[in-house]
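Step one of this worksheet: look at the structure below.
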Amino acid sequence: MNPIKHVAIIMDGNGRWGIIKKKSRNYGHKQGLKTVEKIIKESLKKKIKFLTLYAFSTENWKRPKNEINYLFTLLDNFLSNKIKQLNKEKIRFFVLGKKKFNKKLNDLLNYSEKLTSSNKRLQINLALNYGSKSEIISAITNLKKKKLKINESNITNNLYTKNIPDPDILIRTGNRKRLSNFLLWQLAYSEIFFEKKLWPDFNEKDYNKILNIFKKTKRNYGKI
Ligand code: FPP
């Protein structure tokens with residue numbers, strides 16, 4: 001049985017879900033946040049140590065202003081209301097990506113990271129303003145500045161994910177089979193699961209089905 005330390009998720013399909021329900025894309029995001037809460041609870045139950053969620057990519061800035069603002073308001077409200085509870089539950093909150101938002105949100109993100117920094121039960125990495133190619137470029141730029149060798153361990157230790165084990169599992173919901181500039185270095189040996197359901201419809205049962213398949217998968221890492 002494979003142990004599961006780290007699950008990464010591309011939470012795709014909120015917009016389409018909102019439109020199918022004859023509401024708005026933003027309504028889909030609101031519902032998507034409910035799925036986030038379900039999956040956090042289930043990850044705690046399953047004793048998973050790291051949960052990485054792709055919430056906003058560097059490419060998502062190309063979306064309409066109203067959608068971008070809605071997503072950040074959702075995040076702001078979520079953290080303002082829930083960070084103390086997450087802390088009580090010994091959950092660590094960590095941002096992957098460049099924190100270049102308005103001052104209020106930057107402060108809230110920094111506060112949430114600091115408050116929860118010593119928690120060890122589950123670490124939630126929220127990928128925000130995240131792009132994997134620029135993460136790799138900035139790791140290599142750092143190494144050059146420090147006149148360090150460009151090798152595998154040095155690159156790994158200069159990514160946002162330093163000190164975080166690579167994901168065992170990547171899940172992408174929403175019936176699309178692509179990586180969308182997410183953790184390209186870190187996913188080298190992860191097991192990838194593409195899920196047809198849109199993120200707001202994804203539930204604990206779907207999650208457990210994937211975790212159970214993973215547990216029985218033979219991982220070779222290039223060997224036989
Ligand atoms: C992708 O769906 C989803 C996003 C870009 C945002 C993810 C946000 C949430 C799940 C809710 C907010 C989360 C937090 C932690 C505050 P899409 O909009 O690209 O869907 P589509 O493919 O149907 O257009």
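Start at 1 and go down the list; that is how both ligands and their atoms are numbered. Throughout, residue positions are numbered sequentially from 1 according to the sequence presented.
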What do you reckon, is NZ of Lys34 surrounded by more than 12 foreign heavy atoms closer than 6.0 Å?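 Result for NZ/Lys34: open.
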Can you tell me if CD on Gln85 sees more than 12 non-hydrogen neighbours from other groups inside 6.0 Å?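 Enclosed.
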If we count only N and O atoms by modelled type, under 3.5 Å, do the side chains of Tyr70 and Ser24 hold a donor and an acceptor together?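 Tyr70 vs Ser24: no donor-acceptor pair found between side chains.
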If you measure every N/O of [X] against every N/O of ligand 1, is any gap under 3.5 Å?
X     : answer
Ala55 : no
Tyr54 : no
Arg25 : yes
Gly15 : yes

So if I apply the side chain to side chain contact (heavy atoms under 4.5 Å, CB included) rule between Ser43 and each of Val7, Leu122, Ile4, Ile91, which one comes out positive?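 Considering Val7, Leu122, Ile4, Ile91, a side chain to side chain contact (heavy atoms under 4.5 Å, CB included) with Ser43 is found only for Leu122.
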Between Asn110, Ile83, Leu86, which is the residue that forms a side chain to side chain contact (heavy atoms under 4.5 Å, CB included) with Leu115?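 The passing option is Ile83.
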Of all the atoms in ligand 1, which lie at a distance below 4.0 Å from a heavy atom belonging to [X]?
X      : value
Met11  : 1 (C), 2 (O), 3 (C), 7 (C), 10 (C)
Trp199 : 10 (C)
Asn60  : 5 (C)
Arg176 : 22 (O)
Asp12  : 1 (C), 2 (O), 17 (P), 19 (O), 20 (O), 21 (P), 22 (O)
Leu75  : 16 (C)

Return yes when Lys30 approaches ligand 1 closer than 4.0 angstrom through a heavy atom, no otherwise.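 No.
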Check whether any heavy atom of Gly13 sits under 4.0 Å from an atom of ligand 1.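 Within the 4.0 Å threshold, so yes.
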Got the closest protein heavy atom to [atom], with its distance?
atom                    : answer
atom 23 (O) of ligand 1 : Arg16 N, 2.6 Å
atom 11 (C) of ligand 1 : His29 O, 3.6 Å
atom 10 (C) of ligand 1 : Asn14 ND2, 3.3 Å
atom 12 (C) of ligand 1 : Leu74 CD2, 4.0 Å
atom 13 (C) of ligand 1 : Leu33 CD1, 3.9 Å

For residues 158-165, please give each side-chain donor-acceptor pair under 3.5 Å, one per line with the distance, not counting sequence neighbours.
from: Asn158; atom 1: OD1; to: Lys146; atom 2: NZ; distance (Å): 3.0
from: Asn158; atom 1: ND2; to: Asn154; atom 2: O; distance (Å): 2.8
from: Thr161; atom 1: OG1; to: Gln186; atom 2: NE2; distance (Å): 2.9

Arg63, portion touching ligand 1 at heavy-atom distance under 4.0 Å: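 Within the 4.0 Å criterion, Arg63 contacts ligand 1 through side-chain atoms alone.
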Tell me which part of Phe56 gets within contact of ligand 1: side chain, backbone, both or neither, using heavy atoms under 4.0 Å.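 The answer is neither.
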Charged N to carboxylate O under 4.0 angstrom, Lys41 versus Glu37?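 Judged by the 4.0 Å cut-off on N to carboxylate O distance, Lys41 and Glu37 do not form a salt bridge.
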In plain terms, say whether Asp12 and Arg172 are close enough for a salt bridge, that is, a side-chain N and a carboxylate O under 4.0 Å apart.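 So Asp12 pairs with Arg172 through a salt bridge.
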Are Tyr207 and Trp199 close enough that their ring centres sit under 6.0 Å apart?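 No, ring centres 6.0 Å or more apart.
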Which pair of non-hydrogen atoms, one from Thr35 and one from Phe202, has the smallest distance, and what is that distance?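 Scanning both residues completely, I find the closest heavy atoms to be CG2-O, 3.3 Å.
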Minimum distance, heavy atoms only, to atom 15 (C) of ligand 1: which one of Asn26, Leu126, Leu198, Asp76 is it?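 Of the listed residues, Leu126 has the closest heavy atom.
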Could you please spell out the steps behind the salt bridge (Lys or Arg N to Asp or Glu O under 4.0 Å) verdict for Lys99 and Glu113? CA-CA 12 Å; Lys99 280 175 270 175; Glu113 284 188 320; 2.5 Å; yes
For residues 190-208, which residue pairs pass the salt bridge (Lys or Arg N to Asp or Glu O under 4.0 Å) check, not counting sequence neighbours?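 Found Glu191-Arg219, Lys197-Asp206.
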